[in-house]
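What follows is a single structure, written as structure tokens, with notes after it.
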Amino acid sequence: YRALVRGQWDAGPRTLDFPLHKYVTAEGERRVVVQQGGQHAGTRVRPVRGATHPAFGPVTLLAVELLTGRTHQIRVHLAHVGFPLLGDDKYGDFILNKLLDKTAHKRMFLHAFAMSFAHPAEARPLRIEAPLPPAFRRLLDECDAPV
């Protein structure tokens, strides 16, 4: 995955290993929280590019690899360590999200970038990549020089 988050990620490559607990709100919405006793969840994170957006401040493009596949795992892990996804309406920075909406950046900035698996007929390894969507590129292009 590629994730665009608020803040300058200075931690270098890191594995986020926090247990996740699923619950349903009174309105029937599924939510997830980091909580002892929850299911094991692991997420590898590596910074790709840091930059400063003139309206939003520091942002970092991260490469993210799932070690487990829990509901909302990337979103919750990144928010838990203080780096919410831009445009995340459940776990993100809600003030920043309103500013994103006003500047025509109406999406969550999480992208399934690459997938690897064995070819179903030949068993050889396959890797499929999808470049960053135009919305990602546009926001990154609006940023000042990388930090």
* To do: Report yes or no: do L85 and V33 belong to one cluster of Ile/Leu/Val/Met/Phe/Trp/Tyr joined by side chain heavy-atom distances under 4.5 Å?
  => no
* **Full working for side chain to side chain contact (heavy atoms under 4.5 Å, CB included) between Y23 and V32** => CA-CA 6 Å; Y23 67 98; V32 179; over 6 Å; no
* Asked: In this structure, are over 12 heavy atoms from other groups packed under 6.0 Å from Q36 atom CD?
  -> no
* Asked: D17 and side-chain hydrogen bond (donor to acceptor under 3.5 Å, both in side chains): which partner among H77, R44, H40?
  -> H40
* Determine, using the 4.5 Å side-chain heavy-atom cutoff (strictly less than), whether V48 and M108 are members of one ILVMFWY cluster. => no
* To do: Please name the pair of heavy atoms, one in A55 and one in H53, separated by the smallest distance, quoted to 0.1 Å.
  => N-ND1, 3.0 Å
* Asked: Is the side chain of H72 donor-acceptor paired with the backbone N or O of R75 at a distance under 3.5 Å, no angle test?
  -> no
* To do: Given ring-ring contact (aromatic ring centres under 6.0 Å, His included), test Y1 with H111 step by step and report yes or no.
  => CA-CA 5 Å; Y1 286 86; H111 172 64; 8.5 Å; no
* **Atom pair CD (Q35) and CD (Q39), whose distance is rounded to the nearest 0.5 Å** => 12.0 Å
* Between L16 and V76, is there a shared hydrophobic cluster once you connect ILVMFWY residues whose side-chain heavy atoms come closer than 4.5 Å? -> yes
* **Donor-acceptor pair, side chain of N97 and main chain of D88, under 3.5 angstrom** => yes
* So V81 and R14, side chain to side chain contact (heavy atoms under 4.5 Å, CB included) or not? Walk me through it. -> CA-CA 11 Å; V81 295; R14 181 174 171 199; 4.0 Å; yes
* Provide the closest heavy-atom pair for T71 versus L20 in the form atom of the first, atom of the second, distance. => O-CD1, 4.4 Å
* Structure fact -> d(K98 NZ, T103 OG1) to nearest 0.5 Å is 14.0 Å
* Asked: With no hydrogens and no angle check, is any side-chain donor or acceptor of R46 less than 3.5 Å from a backbone partner on L62?
  -> no
* Taking the six-membered ring of Y91 as reference, does the NZ or CZ atom of R31 fall below 6.0 Å from its centre and within a 45° cone about the axis? -> yes
* If every non-hydrogen atom of P54 is compared with every non-hydrogen atom of D144, which pair is closest and at what distance? -> CD-OD1, 4.5 Å
* Please determine if D93 and R6 form a salt bridge, counting it only when a charged side-chain N lies under 4.0 Å from a carboxylate O. => yes
* Asked: Distance from L86 atom CG to L96 atom CG, nearest 0.5 Å?
  -> 5.0 Å
* Asked: Does NZ or CZ of R138 lie under 6.0 Å from the centre of the six-membered ring of F136, at an angle within 45° of the ring axis?
  -> no
* Least distance between heavy atoms, A118 atom then A123 atom -> CB-O, 4.1 Å
* **Rounded distance [0.5 Å steps], CZ in F109 versus CG in L132** => 10.5 Å
* Report whether V45 and L61 are members of the same hydrophobic cluster (ILVMFWY, side-chain heavy atoms less than 4.5 Å apart, transitive linking). => no
* Structure fact -> Here the pair of heavy atoms bringing C143 nearest to A51 is CB-CB, 3.6 Å
* To do: Using the side chain to side chain contact (heavy atoms under 4.5 Å, CB included) rule, take L140 and L4 through it: C-alpha gap first, then chi angles, then the decisive distance, then the call.
  => CA-CA 9 Å; L140 287 170; L4 193 57; 3.9 Å; yes
* Honestly curious: do L67 and F113 fall in one hydrophobic cluster under the side-chain, below-4.5 Å linking rule? -> no
* Short question: side chain of T60, backbone of W9 - any donor-acceptor pair under 3.5 Å? -> yes
* Structure fact -> Scanning both residues in full, the closest heavy-atom pair of G87 with L100 reads N-CD1, 3.4 Å
* Asked: Regarding H105 and E142, is there a side-chain donor-to-acceptor distance under 3.5 Å anywhere?
  -> yes
* Polar contact flag, side-chain donor to acceptor under 3.5 angstrom, T68-Q73 -> yes
* Asked: Can you check whether F18 reaches T43 side chain to side chain, under 4.5 Å on heavy atoms?
  -> no
